[in-house]
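Taking it in order: structure first as structure tokens, then the write-up.
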Number of protein chains: 2
Amino acid sequence: MADVARLAGVAISTVSRALANPGRVNEKTRAKINAAAKQLGYTPNAMARGLRVGKSNIIMIVLPGSLYYGVSQIIPQVLQSINKSLIQGGYNLMIANLDRDEVSERHILDLAFGGSVRGAIILSSKLPEVDGRSLANSGLPIVSMLLDMSDAGLQSVITNDREAVREVTAELIRLGHRRFFYLAGPEGNYHDVERYGGVLEALEAAGLPKESVHRSGGRLDYQHGFDIGVQAADDFAELAQKPTAVIATSDDMAISFVSRIKRAGLSIPDDLSVVSFDGSPVCEFSAPPLSTIEQPVEEMGRTAVELLLDAIGQRQNPASVRTVIRSKLILRESIAPPKS
Amino acid sequence: MADVARLAGVAISTVSRALANPGRVNEKTRAKINAAAKQLGYTPNAMARGLRVGKSNIIMIVLPGSLYYGVSQIIPQVLQSINKSLIQGGYNLMIANLDRDEVSERHILDLAFGGSVRGAIILSSKLPEVDGRSLANSGLPIVSMLLDMSDAGLQSVITNDREAVREVTAELIRLGHRRFFYLAGPEGNYHDVERYGGVLEALEAAGLPKESVHRSGGRLDYQHGFDIGVQAADDFAELAQKPTAVIATSDDMAISFVSRIKRAGLSIPDDLSVVSFDGSPVCEFSAPPLSTIEQPVEEMGRTAVELLLDAIGQRQNPASVRTVIRSKLILRESIAPPKS
DNA sequence: CGATTTTTGGCAAACGTTTGCTATAAGGCG
DNA sequence: CGCCTTATAGCAAACGTTTGCCAAAAATCG
């Protein structure tokens, strides 16, 4: 920096101001300084700046350790969307994986308390907490995405899971379906609770008994989504009275389920209607094309970043601590009225 | 840190040594210091440390801007694998997206030259370079993954793309196929060149003319993989003499191609054999299950990290600058001898 | 031209560590 | 007890910025 100042013929403090605080310095000299910096190949040291101003420009995203359930299909989109928004705001994205062990929790806490990161977006249902340190009281702005953690006081950006499932179930009922097959994710998982709840609500609204839905899966904790579908197909085969409609909580499990079920001789949608969750692009090209509830990841990511940057900028939080972004039902050929 | 020293009844320098340089201090006092630190909820400031020692513990991964071609399916696995290995080594992973614009290049260079990162793993064919600054001469250890950039002097961890495609093509020839349809990714893309090259080599080895393969796609620069398959299906429909085997350069395009081609009344593998690239889990559940060349992402990621950390540790580079990890052909029902 | 505003210079402290140095203390050994 | 080894204390410099302060210089304006 001293070299740049010398070359530009200005004071070192002026260089600093020109680079970090573009308002405080004359346009002309700033140009001169930039030219000098470019000529010398100078880039300000981020850590020194961070140390001095007491804040970094890194945002951490906390991903659930195993990416293989449900959300796995959409993680790259989430990352892409968040990173893009962050960069526009001058921030960088760091990945943190929250596994089920203490090491990874400690690691994340070190990041948070060590001043390395400026804020966090979390996609995990559990806040790291060990040795009395907890992400919650790290002083970092945090926003939760995909999972509603507003109970824990976190801003949350979510979709209307429950409502979307309720509506699609209602639609299936309207088409004449009366017996349902529900493919669950890990039991107790937020999404599972919400989505299954949506099914039950729709049944109740239509005056159908809870027993109208058979729940399958949920035994595999954080397993690969495809496995759930495979097992569910076995499960399905053993049912005496076959359901006529399937509601799956991820595209992955729907795809493997359909594959197996077709092999067993059933035809979709003639024998069985199927709808799933996520909106993976691949659904359009399944056989048959799958109806799916598309998660607006792009918009959710953008919104999460907006909220986080607002919080960092000390601007007051928006009225609601929970931001719901509506998902979109994509209807394709996998749904039809039940065969007589 | 001063507080911790006071509480533990030791000097501040001792605390520093105990925390950062565990060898230099007595076991007993170290325990005392750790206890004090825990009690006070103290975490060392990473930026101050980084500033002082002149190095960060952040590794940057440079992803091609648009994740939607080819590799898109495997990005989450790559990230997961790399991050896991890095954390074990005490490093953190930062994401950098390399778009086709100068802004993103500048951003990456700022990261590199600003001392924010300690090394880089790149998955992009182009090294950021602007204003005379280039990633190549940033002094950072870099390893390339998926793409062979050993020509540019970068350590590269790759699969045997060319060979794998050559072998699968030879296998198709052995089965009796004589006319091929090749689904290309973006023209000039490293993977496209390698894979197409593999096809041509197999043809030549079997004494077949180059014209035995029809090349489709490649017009879409960095488009969504599924689109390529859709367009290729149109392309296929217009061919007078139909090929009997398809070699696709990503699972995505194979899936959409198959979907369209079946809709046109053709049956796989009776009318057309299909093999693709990536090893996406979804291939197992396609109709029919797709043969695919599986990229060993997990192992590649681990290896890339190993090489990078070696380079950081100043240990000498391994003999070869190019590390090839063999891919694995997964044979499924989408391949058969041609009809008659 | 004088008065006023804007811009810059120069200085120095601060951010929270690490680390080399010397000196002191503690312990073990013959 | 003296000698050696090992552990710690205490000090101070350094890492590369930012920033508040005041003075000096330059530009602008009436």
Side-chain angles (χ1 to χ4, degrees), chain A residues 1-37 40-58 90 92 109-118 138-139, chain B residues 1-37 40-58 90 92 109-118 138-139:
Chain A
M1 190 149 159
D3 294 344
V4 174
R6 205 171 313 122
L7 179 58
V10 299
I12 183 169
S13 44
T14 307
V15 174
S16 172
R17 280 185 260 265
L19 264 37
N21 227 352
R24 302 272 311 132
V25 57
N26 189 319
E27 168 62 35
K28 215 183 63 192
T29 49
R30 182 151 50 103
K32 208 163 51 182
I33 290 173
N34 283 332
L40 269 64
Y42 167 77
T43 308
N45 183 298
M47 287 194 298
R49 171 179 292 174
L51 176 59
R52 171 61 225 241
V53 303
K55 40 187 89 153
S56 90
N57 67 338
I58 300 177
N92 288 112
L109 289 168
D110 284 349
L111 246 24
F113 284 87
S116 302
V117 307
R118 189 69 195 292
S138 64
Chain B
M1 191 150 158
D3 294 344
V4 175
R6 207 172 308 126
L7 179 59
V10 300
I12 183 170
S13 44
T14 307
V15 174
S16 172
R17 281 184 259 265
L19 264 35
N21 226 352
R24 301 272 311 133
V25 58
N26 189 318
E27 167 62 35
K28 217 182 63 193
T29 49
R30 183 152 48 104
K32 210 164 49 183
I33 289 173
N34 283 333
L40 270 66
Y42 167 77
T43 308
N45 182 298
M47 288 194 298
R49 170 180 293 172
L51 175 59
R52 173 59 226 244
V53 302
K55 41 188 87 153
S56 90
N57 68 339
I58 300 178
N92 288 111
L109 289 168
D110 284 349
L111 247 24
F113 285 87
S116 301
V117 308
R118 191 65 196 292
S138 64

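No experiment lies behind these values; they were computed from the predicted model shown.
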I'd like to know if A/T14 reaches the base of C/dG9 with its side chain, counting only an N/O donor and acceptor under 3.5 Å. no

Rounded to whole Å, the CD-C1' distance (A/E27 to C/dT8) equals 16 Å

Side-chain N or O of B/S13 less than 4.0 angstrom from OP1 or OP2 on D/dC11? no

Does B/S116 offer a backbone N or O that forms a donor-acceptor pair with the side chain of B/S56 under 3.5 Å? yes

A/K28 or A/A2, whichever maps to the more 5' nucleotide of DNA chain D: A/A2

Please report the distance, rounded to the nearest Å, between CG in A/L19 and P in D/dG16. 16 Å

For the pair made of CG in A/D3 and P in D/dT17, what is the distance, rounded to whole Å? 10 Å

State the CG-CD1 distance between A/L111 and B/I58, to the nearest 0.5 angstrom. 7.5 Å

Would you say the side chain of B/Y42 lies within less than 4.5 Å of the side chain of B/L19, judging by non-hydrogen atoms? yes

Looking at D/dT17, C/dT17, D/dC21, which one has an atom nearest to any side-chain atom of A/R17? D/dC21

Spacing of B/N26 atom CG relative to D/dA7 atom P, expressed in whole Å: 6 Å

If I take atom CE in residue A/M47 and atom P in nucleotide C/dG16, what distance separates them, rounded to the nearest angstrom? 16 Å

Spacing of CG belonging to B/L40 relative to CE belonging to B/M1, to within rounding of 0.5 Å: 13.0 Å

Starting at atom CG of A/L40, determine the distance to atom P of D/dG16, rounded to an integer number of angstrom. 15 Å

Specify the residue among A/G9 and B/A20 whose closest nucleotide of DNA chain C lies further upstream toward the 5′ end. A/G9

What nucleotide among C/dC15, C/dT17, D/dA9 has an atom nearest to a side-chain atom of B/P44? C/dT17

Any side-chain heavy-atom pair of B/V4 and B/V10 under 4.5 Å: no

Between C/dT7 (C1') and A/K32 (NZ): distance, integer Å: 12 Å

Please pick, from C/dT17, D/dG10, C/dG9, the nucleotide with the shortest atom-to-atom distance to any side-chain atom of B/M1. C/dT17

Nearest whole angstrom, please: distance from the C1' of C/dC11 to the CD1 of A/I12. 11 Å

